[in-house]
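For reference, the structure is listed below as structure tokens.
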Amino acid sequence: MKLNEILQKKEVTLSFEVFPPKVTADYETVQKAAYGVAKLKPSYMSVTYGAGGSTRGNTLKLAKGIQEEYGVTTIAHLTCVGATKEKIQESLEELRAAGIENVLALRGDRPKDFEGEPFIDYHYASELAADIRAFGGMCIGGACYPEGHVESENSQEDILNLKKKVEAGCEYLTTQMFFDNNIFYNFLCRVREAGIDVPVIPGIMPITRPSQLRSAVRLSGCNVPMRFRSIVDCFGNNPEAMQQAGIIYATDQIIDLIANGIKHVHVYSMNKPEVVRGIQESLSKII
């Protein structure tokens with residue numbers, strides 16, 4: 001099923017992201033975790049893509065397996081990093097043959113150890129989205145950044161770039177993680193004022209280890225409310241307590257979003273079925 005069909009439905013959706021292994025030797029371990037998430041029957045799942053196509057085969061294999069084994073609609077990520085037009089065409093043909101109809105078009109971060117120029121035929125996600133649209137038959141999504149992309153000069157430039165993605169073919173947008181819902185609400189207002197009317201799906205990351213928070217701040221520059229910093233300071237040295245507190249904080253964000261009319265929420269699961277289960281159980285009477 002195409003994601004735009006799912007997003008048109010009136011009921012609330014809760015979806016989860018998983019990632020393939022960096023090396024094929026770890027595939028069975030990662031597959032078990034990803035399938036553990038799929039068993040919980042989320043509304044849909046997204047499967048990430050390694051820099052320069054490093055996990056291309058595993059992304060396809062994992063996304064296909066989730067759909068075939070559990071009947072859960074999947075989205076496969078594609079990035080501009082290291083991508084030529086020929087490679088993207090090949091990837092799209094493989095996705096189509098596997099029955100995958102949804103793609104998330106991303107520029108991708110510059111890999112630290114990538115040799116040569118990382119952006120070959122594609123420099124921006126809008127260029128990638130345009131070629132995917134020309135290929136046909138795919139529902140195309142894009143990423144957005146409630147606190148601004150780290151490389152954008154200002155929020156106005158960021159919104160203009162976002163509009164280019166939508167004009168190029170993105171039919172929905174999923175946000176980078178955020179820990180303060182007011183940031184998302186303000187962003188959504190600015191997006192609508194700019195004339196962007198596609199669904200904007202908030203992305204929530206349950207932080208279950210202090211190291212995850214440090215990585216999130218380093219990579220995205222996202223704001224961390226003092227309330228959440230206090231939680232990490234208090235429970236960070238107790239893994240079980242930190243996991244429970246992280247699940248509760250993320251669930252609280254989701255409840256607030258739903259209460260404020262947001263119908264679709266995407267969760268960065270970090271391949272942790274126990275985290276997905278904890279969130280679902282906390283929302284059992286709400287969704």
Side-chain angles (χ1 to χ4, degrees), residues 3 6-7 9-19 30 32-48 66 70-75 146 172 174-185 187-188 199-213 215-217 220 222-287:
L3 192 60
I6 294 174
L7 299 179
K9 296 179 180 180
K10 292 183 178 180
E11 62 261 26
V12 172
T13 67
L14 186 64
S15 55
F16 296 91
E17 178 182 283
V18 294
F19 53 82
V30 173
K32 182 179 179 180
Y35 280 11
V37 174
K39 286 177 184 177
L40 298 170
K41 295 293 181 181
S43 302
Y44 62 90
M45 291 172 62
S46 66
V47 184
T48 67
I66 288 167
Y70 299 98
V72 176
T73 295
T74 57
I75 303 166
Y172 69 93
T174 302
T175 78
Q176 176 63 272
M177 72 194 81
F178 55 89
F179 301 105
D180 180 348
N181 285 6
N182 287 325
I183 290 172
F184 172 75
Y185 299 137
F187 173 72
L188 189 59
V200 179
I201 304 167
I204 301 297
M205 175 175 277
I207 297 295
T208 58
R209 299 191 312 274
S211 59
Q212 287 179 315
L213 184 62
S215 296
V217 172
S220 67
C222 56
N223 174 64
V224 182
M226 186 55 66
R227 175 186 171 220
F228 192 54
R229 287 186 184 275
S230 297
I231 289 172
V232 176
D233 288 343
C234 182
F235 304 113
N237 292 325
N238 183 331
E240 291 183 354
M242 187 62 237
Q243 177 166 298
Q244 186 176 51
I247 290 171
I248 291 170
Y249 190 92
T251 303
D252 185 56
Q253 280 191 273
I254 295 168
I255 291 171
D256 179 76
L257 289 164
I258 295 170
N260 281 278
I262 304 302
K263 294 292 185 183
H264 311 291
V265 180
H266 193 57
V267 179
Y268 300 110
S269 79
M270 302 303 292
N271 288 14
K272 292 182 176 295
E274 65 275 17
V275 171
V276 172
R277 188 179 300 108
I279 291 173
Q280 284 185 332
E281 288 175 354
S282 298
L283 297 170
S284 62
K285 304 300 181 183
I286 294 172
I287 298 179

For this session: Sort out for me which residue in Ile279, Val267, Ile204 forms a side chain to side chain contact (heavy atoms under 4.5 Å, CB included) with Thr251.
Result: Ile279
Seminar exercise, completed: Closest non-hydrogen atoms of Pro273 and Ala33, given as atom of the first, atom of the second and distance, are CG-O, 3.3 Å
Problem set entry | Atom pair CE (Met226) and CD1 (Ile231), whose distance is rounded to the nearest 0.5 Å | 12.0 Å
For this session: Please indicate whether Gln244 has more than 12 foreign heavy atoms, meaning atoms of other residues, nucleotides or ligands, lying under 6.0 Å from its CD.
Result: no
For this session: Find the distance between CG (Asp180) and OH (Tyr185) and round it off to the nearest 0.5 Å.
Result: 9.5 Å
Exercise. What's the shortest heavy-atom distance between Ala216 and Cys222, and which atoms?
Worked result: O-SG, 3.9 Å
Problem set entry | Atom pair CD1 (Ile6) and NE2 (His264), whose distance is rounded to the nearest 0.5 Å | 9.5 Å
For this session: Would you please name every residue forming a ring-ring contact (aromatic ring centres under 6.0 Å, His included) with Tyr44, sequence neighbours left out?
Result: His266
Seminar exercise, completed: Nearest heavy-atom contact between Tyr268 and Pro206 is O-CD, 3.4 Å
Exercise. How many angstroms lie between atom CG of Leu213 and atom OG1 of Thr208, to the nearest 0.5 angstrom?
Worked result: 11.0 Å
Exercise. Is atom CD of Glu11 surrounded by more than 12 heavy atoms (other residues, nucleotides or ligands) closer than 6.0 Å?
Worked result: yes
For this session: Test Val232 against Val224 for side-chain contact (heavy atoms from CB on, under 4.5 Å), laying out the working first.
Result: CA-CA 11 Å; Val232 176; Val224 182; over 6 Å; no
For this session: Evaluate the criterion side-chain contact (heavy atoms from CB on, under 4.5 Å) for residue pair Ile254 and Ile286; output intermediate values, then yes/no.
Result: CA-CA 10 Å; Ile254 295 168; Ile286 294 172; over 6 Å; no
Exercise. Is Thr74 reaching over with its side chain to a backbone N or O of Ser46, donor-acceptor style, under 3.5 angstrom?
Worked result: no
For this session: Determine, step by step, whether Phe16 and Val72 satisfy the side-chain contact (heavy atoms from CB on, under 4.5 Å) criterion, reporting the C-alpha distance in whole Å, the side-chain angles of both residues, the deciding distance to 0.1 Å, and the verdict.
Result: CA-CA 11 Å; Phe16 296 91; Val72 176; over 6 Å; no
Exercise. Can you say whether the rings of Phe178 and Phe184 are parallel (under 30°), tilted (30 to 60°) or perpendicular (over 60°)?
Worked result: parallel
Exercise. Say you draw a straight line from NZ of Lys39 to CD1 of Ile66; how long is it, rounded to the nearest 0.5 Å?
Worked result: 12.0 Å
Problem set entry | Side chain to side chain, Lys263 and Val12, heavy atoms closer than 4.5 Å | yes
Problem set entry | Considering all heavy atoms, the nearest Val37-Pro42 contact | O-CD, 3.5 Å
Exercise. Roughly how far apart are Gln253 CD and Phe179 CZ, rounded to 0.5 Å?
Worked result: 7.5 Å
Exercise. Checking side-chain contact (heavy atoms from CB on, under 4.5 Å) for the pair Phe19/Met270: CA distance, chi angles, key distance, verdict?
Worked result: CA-CA 7 Å; Phe19 53 82; Met270 302 303 292; 4.3 Å; yes
Exercise. Below 4.5 Å, heavy atoms only, C-beta onward: do Ser269 and Val18 meet side chain to side chain?
Worked result: yes
Exercise. Which atom names give the shortest non-hydrogen contact between Gly203 and Thr175, and what distance separates them?
Worked result: N-OG1, 2.8 Å
Seminar exercise, completed: In terms of heavy-atom contacts, Leu40 and Gly36 come closest through CG-O, 3.6 Å
